[in-house]
Amino acid sequence: MDSIYGTWHTGTPHAALTQGSQSYIGQTTPLTKECRMMSASTMTNSQNIAQATEALERDMQAWDLSDSPDSPPPALLIQTPPPTPPSPQLLQDPTGSGLCEETIIDIKLATHHLVMLALNAFLQETCYGCRTAQPSQVQHSCLLELTEYYFDTYYDDVMIRLQTDRFIPAIRLLVRSYTVDGTGTQFSRIAEHTMTELRSSQHIVCAINDNIAQLLEASRYARRVKPAMLRIIGNYWAGRHLV
């Protein structure tokens, strides 16, 4: 078992260290200052053997974490929190279209990504510093933390920038990379439902980032290349790529 102190052997730490110490004694490998001071001839003396054993036991007590009431057991030292599983609601088909789960994930991934791009476009268009090319960051409101329920407040303004004639084709571009499942009408309904759910988010940027991470974690196909595919459909939506 690995820990922050190295690798634990099977069993308790005390048993592991005891087993290792016995093998060291058999190989006459010095472990303590007292052992180093003793020659091979004096080690045969029963008194010196007792002293070496006593010193070794002190060392073992100093290393034994199981006897320390203030230290957690080694198993707790190496625990890492498991990834948060995606909520069942996030993976469900809100429209009952009968599409497979992977298609639902792709539609929602594309929708979240494009909403983020549209939100960023709105922030830059309404930022005084961006409009006037101000060099001072103080003049750039787009760099400030968004207020709570910002997306709900400016929902209609963001939708104007999001729902261009390339919005649904961009979603279709991601879905068609892996399947021929679904129609444009089904894509549109699921995207609309996803945006309505995001509207109630208190912190929209955190909500989008968390949902994208959970959707990617739940994806079963080409999980590692989907972030690159999201960038491609984002460029297409923005008019930088022609497909």
- Query: Mind checking what makes side-chain hydrogen bond (donor to acceptor under 3.5 Å, both in side chains) contact with Asp210, not counting sequence neighbours?
  - Reply: none
- Task: With sequence neighbours left out, write down each residue that passes side-chain hydrogen bond (donor to acceptor under 3.5 Å, both in side chains) with Ser201, or none if nothing qualifies.
- Result: none
In Å and rounded to the nearest 0.5 Å, what is the [atom1] to [atom2] distance from [X] to [Y]?
X	Y	atom1	atom2	result
Arg172	Asp106	CZ	CG	14.0 Å
Ile232	Arg240	CD1	CZ	12.5 Å
Ile204	Glu148	CD1	CD	13.0 Å

- Please lay out, stage by stage, how Leu174 and Phe187 fare under the test side chain to side chain contact (heavy atoms under 4.5 Å, CB included). CA-CA 11 Å; Leu174 178 64; Phe187 299 161; over 6 Å; no
So do the side chains of [X] and [Y] get within less than 4.5 Å of each other, counting heavy atoms only?
X	Y	result
Gln124	Asn120	yes
Glu192	Gln163	yes
Phe122	Phe151	no
Ile208	His113	no
Ile107	Leu99	yes
Tyr178	Val225	yes
Ile233	Ile171	no
Arg189	His193	no

- Message: Walk me through whether Leu230 and His112 qualify under side chain to side chain contact (heavy atoms under 4.5 Å, CB included).
- Response: CA-CA 10 Å; Leu230 290 176; His112 279 80; over 6 Å; no
If you look at every heavy atom in [X] and [Y], which pair is closest and at what distance?
X	Y	result
Gly184	Ile168	O-CG2, 4.1 Å
Tyr236	Pro169	OH-CB, 3.5 Å
Asp181	Arg176	O-NH1, 3.0 Å
Ala118	Leu162	CB-CB, 3.6 Å
Leu114	Gly234	CD2-CA, 4.2 Å

Between side-chain atoms of residues 152-161 and protein atoms elsewhere (two or more places apart, or another chain), which donor-acceptor pairs fall under 3.5 Å?
unit_1	atom_1	unit_2	atom_2	d
Asp152	OD1	Arg199	NE	2.7
Thr153	OG1	Tyr149	O	3.0
Arg161	NE	Glu125	OE1	2.6
Arg161	NH1	Asp157	O	2.7
Arg161	NH2	Glu125	OE1	3.0

- So, Glu197 side chain and Thr194 main chain: donor-acceptor pair closer than 3.5 Å or not? no
- Item | Any donor-acceptor pair under 3.5 Å from Ser200 side chain to Thr196 backbone | no
- Consider only side-chain N and O atoms of Glu102 and Ser219, and report whether a donor and an acceptor are under 3.5 Å apart. yes
